[in-house]
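Heads up, the thing below is written out as structure tokens.
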Amino acid sequence: MASRRDSALNRIRLRHLQCFLAVAESGTLRGAAERLAISQPAVTKTLAELEQMLGCTLFERGRGGAKPTPEAESFLRHATASVQSLQSAVDSVLRGPMAPLKLGVLPTVAPLMPPVLQAVLAAHAGLQLQVHTGRNAQLLAQLRAGELDAVVGRLAEPDAMAGLSFELLWAEPLAVAVRAGHALLRKRGAAAPVWAPWPLVLPLPGTLIRHAADGLLARLGIEPRAGVVETLSVSLGAALAQQADAVWIAPRSAVLREVEAGRLQLLPVDTAGSEEPVGLLLRSEAGPIPPALRTLLQRLRGAAGSAGR
């Protein structure tokens with residue numbers, strides 16, 4: 001056992017670990033090849049070398065992609081830590097400050113980010129994070145231009161996705177929130193006459209979530225009659241709901257913190273069918289994922305469960 005382990009340790013190279021991590025993250029050999037900027041046969045060969053050294057199969061290949069085996073799940077944790085440690089060691093002796101990680105985040109997703117960003121900063125001492133917010137189309141344009149390293153955003157139309165990769169993190173439904181104690185919480189139904197006396201807070205026109213919100217209102221037969229405020233600002237939406245008795249329609253992640261704090265409550269409205277895919281977007285030809293961005297992705301995957309509920 002010891003000789004087999006020593007043999008593997010002597011033969012495994014950084015390229016083997018980088019290839020393994022790229023396949024694990026992308027879920028396909030083709031996706032890994034794009035991230036590493038190498039050919040797919042080179043990925044297959046490198047992965048086969050690693051499997052031969054370890055004496056086990058790491059991925060089950062099929063039409064659905066490359067599915068990690070139990071051995072791969074175990075190896076993933078240690079391989080990730082090894083690559084991150086090596087990167088930190090190199091950074092510790094290089095001259096100049098560490099390059100900042102430039103991240104784009106939708107305003108409606110931003111409330112979920114503090115624990116994720118805190119974990120990334122804790123794992124990478126001295127890292128500088130630059131977080132930009134804006135419309136999805138704006139953030140994707142900045143990502144494509146190289147002004148951002150990654151975007152936590154929504155899947156866009158095919159033309160807007162050219163040159164970008166998308167990893168689904170969660171499918172997020174809309175939520176309808178009002179202040180605690182709002183009169184609507186004591187009424188039944190969601191017909192237009194019931195909602196009519198209160199203003200609505202809706203996403204900005206031209207956004208994917210506004211399209212979903214309009215569809216929800218049409219399905220419920222609700223026509224705004226007391227005025228509409230259009231915004232992507234989470235803080236403004238929350239303030240209008242709390243202070244102006246407005247009915248706030250926004251992605252669930254945007255209202256979650258206020259609901260958990262007891263300042264807002266969700267109306268019992270069926271929002272099925274309003275889900276929008278939220279994920280991590282990267283440039284397809286950006287090369288290997290830097291350690292800090294890899295940590296960010298792992299933490300986002302962990303946060304996806306609570307966001308999608």
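All residue numbers in this chain count up from 1 along the given sequence.
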Inset, instruction - Keeping the roles fixed (side chain from Asp149, backbone from Lys102), state whether a donor-acceptor pair exists under 3.5 Å. - result: yes
Legend entry - Side chain Gln118, main chain Val116, donor-acceptor under 3.5 Å: no
Legend entry - Side-chain (Arg257) to main-chain (Pro111) donor-acceptor, under 3.5 angstrom: yes
Legend entry - Non-neighbouring partners of Lys45 that pass side chain to side chain donor-acceptor pair (under 3.5 Å), sequence neighbours left out: Glu49
Inset, instruction - Determine yes or no for a side-chain-to-main-chain donor-acceptor pair under 3.5 angstrom, with Ser165 supplying the side chain and Ser284 the backbone. - result: no
Inset, instruction - For Gln265, check side chain to side chain donor-acceptor pair (under 3.5 Å) against everything at least two apart and list the hits. - result: none
Inset, instruction - Taking only Lys NZ, Arg NE, NH1 and NH2, and the carboxylate oxygens of Asp or Glu, determine whether Arg263 and Glu258 approach each other closer than 4.0 Å. - result: yes
Legend entry - Heavy-atom donor-acceptor pair, Thr44 side chain to Gln40 backbone, under 3.5 Å: yes
Inset, instruction - Look only at the side chain of Glu167 and the backbone of Leu280, and say whether a donor-acceptor pair between them is shorter than 3.5 Å. - result: no
Legend entry - Any donor-acceptor pair under 3.5 Å from His132 side chain to Leu139 backbone: no
Inset, instruction - Look at the side chain of Arg299 and the backbone N and O of Leu117, then say whether any donor-acceptor pair between them is shorter than 3.5 Å. - result: no
Inset, instruction - Output the rest of the hydrophobic cluster of Val229: all Ile, Leu, Val, Met, Phe, Trp and Tyr residues reachable through side-chain heavy-atom contacts under 4.5 Å, sorted by chain and number. - result: Val201, Val234, Leu236, Leu240, Trp248, Val255, Val259, Leu264, Leu266
Legend entry - Greater than 12 external heavy atoms within 6.0 Å of Arg30's CZ: no
